[in-house]
Amino acid sequence: MVSWIISRLVVLIFGTLYPAYYSYKAVKSKDIKEYVKWMMYWIIFALFMTVETFTDIFLCWFPFYYELKIAFMAWLLSPYTKGSSLLYRKFVHPTLSSKEKDIDDCLVHAKDRSYDALVHFGKRGLNVAATAAVTAAAKGQGALSERLRSFSMQDLSSIRGDSPSPSPIPVRTASKGTKAKLTRSVTQYAEPSDPGDLEQKSGQPSSKGAALKRQDDARVRGSLKKPQ
């Protein structure tokens with residue numbers, strides 16, 4: 001475990017950060033020699049990281065595996081051994097030069113195939129999404145129609161019975177005193193109590209009034225005939 005931690009720190013500090021800083025200085029100073037040197041190192045380091053991914057899985061049990069990785073990183077970076085330049089000039093550059101055309105063709109073919117595959121899977125994804133949306137909409141509409149059909153006439157009548165009935169219009173009733181007043185007024189206009197009033201209203205004397213008048217006249221004459 002300790003060897004793994006030390007090897008990771010060595011790769012991180014001396015294999016990544018240190019070369020990155022000196023690559024920056026080479027770009028800033030525009031020194032072609034240093035620029036080529038660190039470009040060769042980064043190519044070798046990329047290949048090392050690729051191989052390390054598999055060796056950490058299958059060869060980690062090997063004795064002194066992590067110590068060998070630390071020694072290999074020191075050999076690559078050492079200005080005395082110039083391991084990165086040696087590996088690049090002896091193995092990497094000749095191999096890439098002989099296979100460069102094939103690699104370029106493979107990359108172009110892979111790029112075209114990846115673009116076609118991306119378009120194909122994109123169309124399939126859109127079709128699946130559209131089908132799922134249509135299916136969900138159809139299921140929702142079917143569930144709604146079944147829900148509406150489930151309402152029976154009894155349910156509708158119960159809903160109608162629960163609705164509030166319109167309030168009756170209030171009818172004003174006349175009180176007993178008002179009824180009595182109306183009755184008196186009607187009686188006064190319909191049946192006059194005094195015959196004299198009837199004579200005044202009609203303008204002609206009635207038979208009862210004439211008889212009373214004759215009696216009064218007879219009384220007056222009788223009183224005049226009595227001796228004084």
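Everything numeric in this text was worked out from a predicted model, so none of it was measured.
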### Ring centres under 6.0 angstrom apart (Tyr18, Phe14)
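They do not qualify: ring centres at least 6.0 Å apart.
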### Query
Taking the side chain from Thr81 and the backbone from Trp75, do they hold a donor-acceptor pair closer than 3.5 Å?
yes
### Query
Judged by atom type as modelled, is there a donor-acceptor pair below 3.5 Å linking the side chain of Thr16 to the main-chain atoms of Ile13?
no
Nearest 0.5 Å, please: how far is [atom2] in [Y] from [atom1] in [X]?
| X | Y | atom1 | atom2 | result |
| --- | --- | --- | --- | --- |
| Ile57 | Glu52 | CD1 | CD | 10.5 Å |
| Arg8 | Lys69 | CZ | NZ | 5.0 Å |
| Lys111 | Cys106 | NZ | SG | 13.0 Å |
| Met40 | Ser84 | CE | OG | 6.5 Å |
| Tyr88 | Thr95 | OH | OG1 | 10.5 Å |
| Tyr22 | Asp31 | OH | CG | 13.0 Å |

Decide yes or no for [X] and [Y]: does some side-chain heavy atom of the first lie under 4.5 Å from some side-chain heavy atom of the second?
| X | Y | value |
| --- | --- | --- |
| Ile43 | His93 | no |
| Val10 | Tyr66 | no |
| Ile44 | Val92 | yes |

[X] to [Y] - nearest heavy-atom pair and separation:
| X | Y | value |
| --- | --- | --- |
| Phe62 | Leu68 | CE2-CD1, 4.4 Å |
| Gly15 | Met73 | CA-CE, 3.2 Å |
| Ala20 | Trp42 | N-CZ2, 3.5 Å |

### Query
Quick one: which of Tyr65, Phe48, Phe64 gives a ring pair (Phe, Tyr, Trp, His ring centres under 6.0 Å) with Phe72?
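Exactly one pass, corresponding to Phe48.
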### Task
Could you label the plane-to-plane angle of the Tyr41 and Phe45 rings as parallel, tilted or perpendicular, counting under 30° as parallel and over 60° as perpendicular?
parallel
